[in-house]
Amino acid sequence: MQFIDIHAHLDFPDFDSDREEILSDMRAQGIGSINIGTTLDTSRNSIALAQTHDNVWAIVGIHPLHAHDSQLADFDEIKPLISHERCVGIGECGLDFFREANDGETKARQLSFFEKQIELALIHNKLLMIHCRQAYPETLDVLMSYRKSHPSLKAHFHFFTESVETARLVLDAGFTVSFTGVITFADYGELVSFVPLDNMMIETDSPYAAPRSRRGQRNDPRNVIEIAQKIANIKKLPEHEVFAQIRDTTKRVFGI
């Protein structure tokens with residue numbers, strides 16, 4: 001694979017009409033994807049996609065915004081999925097204080113789901129796919145509290161759009177970040193320039209966040225190429241060099 005979209009949701013109903021066509025075209029273009037679970041059901045779907053497509057891997061877990069309609073008992077059924085040979089991480093998990101009521105009960109429930117997934121990641125030696133929105137101090141505090149006794153803890157912050165100062169905190173902690181199509185139409189030049197290629201990856205978050213050329217349309221992993229091209233443009237480096245380094249970073253971080 002020349003490109004690997006490290007965060008997509010190809011199992012969502014948005015792709016029911018042409019999923020196989022997209023996956024076939026991705027393979028022809030040398031594009032792979034990691035499909036991300038957000039609930040028990042979508043985690044199962046992610047494994048099923050990865051089982052039947054050699055350019056797809058899976059991450060399984062429960063999104064913080066699904067903590068309210070999920071149960072901690074769901075992890076009893078997620079555990080066997082973690083051991084699947086095509087599973088390369090746990091999540092997406094984390095904290096989101098933007099979309100939900102910022103009250104104590106909501107925070108406590110999200111935190112309990114987050115901590116459960118951190119514990120599973122440590123048991124299975126898997127990377128955490130982090131969803132974090134308006135909760136970076138809290139999320140980093142939780143991760144670093146575990147890091148004190150478990151220095152091998154691995155985490156990746158997806159859809160990163162924070163400041164350079166926050167990026168420095170994340171990178172100094174030994175974690176990685178990824179950029180979406182948002183960088184193709186909004187000004188993230190300083191942030192992208194700051195993050196080294198061996199700490200960054202690319203993602204579409206399909207079907208969301210389409211890049212400039214397809215803004216307002218359904219996104220899919222084939223558009224990851226436009227994101228990589230934008231990074232090369234911002235960093236003023238040859239495209240082939242940027243593509244190769246990001247691919248190597250992805251393979252190293254996810255073990256694929």
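Only heavy atoms go into these numbers, but all of them, side chains included; no hydrogens, no water, no symmetry mates.
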Q: Could you tell me whether Arg222 and Asp5 have a side-chain N and a carboxylate O separated by less than 4.0 Å?
A: no
Sidechain-backbone polar pair: His66 side chain, Ile62 backbone, donor-acceptor under 3.5 Å:
no
If only side-chain N and O atoms count, and only distance matters, is there a donor-acceptor pair under 3.5 Å linking Arg214 with Asn223? yes
To the nearest 0.5 Å, atom CZ of Phe75 lies from atom CG of Leu81 at 11.5 Å
- Can the ring centroids of Phe179 and Phe159 be said to lie less than 6.0 angstrom from one another? no
*Ignoring hydrogens and geometry, is there a side-chain-to-backbone donor-acceptor pair from Arg147 to Ala173 under 3.5 Å?*
yes
**OP:** Ignoring hydrogens and angles, tell me if any N or O in the side chain of His63 forms a donor-acceptor pair with the backbone of Leu65 under 3.5 Å.
**Re:** yes
Margin query: Between Asp18 and Arg218 (salt bridge meaning N to carboxylate O under 4.0 Å), is one present in this structure?
Written below: yes
- Gln2 (side chain) donor-acceptor with Gln29 (main chain) under 3.5 angstrom: no
> Judged by atom type as modelled, is there a donor-acceptor pair below 3.5 Å linking the side chain of Asp172 to the main-chain atoms of Leu169?
Replying inline: no
Point to revise | Donor on one side chain, acceptor on other, His158 and Ser178, under 3.5 Å | key: no
inquiry  = With heavy-atom distances below 4.5 Å as the criterion, would you say the side chains of Phe157 and Glu162 are in contact?
reply    = no
Using a 4.5 Å cut-off on heavy atoms from C-beta on, say whether the side chain of Ile231 contacts that of Ile246.
yes
| Going by an N to O cut-off under 4.0 Å, is there a salt bridge joining Lys251 and Asp248? | no
Q. Does any N or O in the side chain of Asp14 come within less than 3.5 Å of the main-chain N or O of Pro207, such that one atom is a donor and the other an acceptor?
A. no
Checklist line | Under 3.5 Å: donor-acceptor pair, side chain of Gln117, backbone of Phe113 | finding: yes
Query raised in the report: Passes ring pair (Phe, Tyr, Trp, His ring centres under 6.0 Å), Phe12 versus His9? Steps please.
Result: CA-CA 6 Å; Phe12 280 13; His9 301 283; 4.6 Å; yes
With ring centroids as reference points, do Phe97 and Tyr136 lie under 6.0 angstrom apart?
no
| field | No-hydrogen, no-angle side-chain donor-acceptor test under 3.5 Å, Thr39 and Thr42 | value | yes
To the nearest 0.5 Å, atom CG of Leu120 lies from atom CD1 of Ile78 at 8.0 Å
Quick one: do Gln110 and His68 satisfy side chain to side chain donor-acceptor pair (under 3.5 Å)? Show the steps, please.
-> CA-CA 8 Å; Gln110 286 193 14; His68 74 281; over 6 Å; no
Would you call Thr176 and Met200 a side-chain contact if the rule is heavy atoms closer than 4.5 Å?
no
Measure from the side-chain N and O atoms of Arg86 to the backbone N and O of Ile47, and report whether any donor-acceptor pair falls under 3.5 Å.
no
| task | Answer yes if the side chains of Asp11 and Asn35 hold a donor-acceptor pair under 3.5 Å, and no otherwise. | result | yes
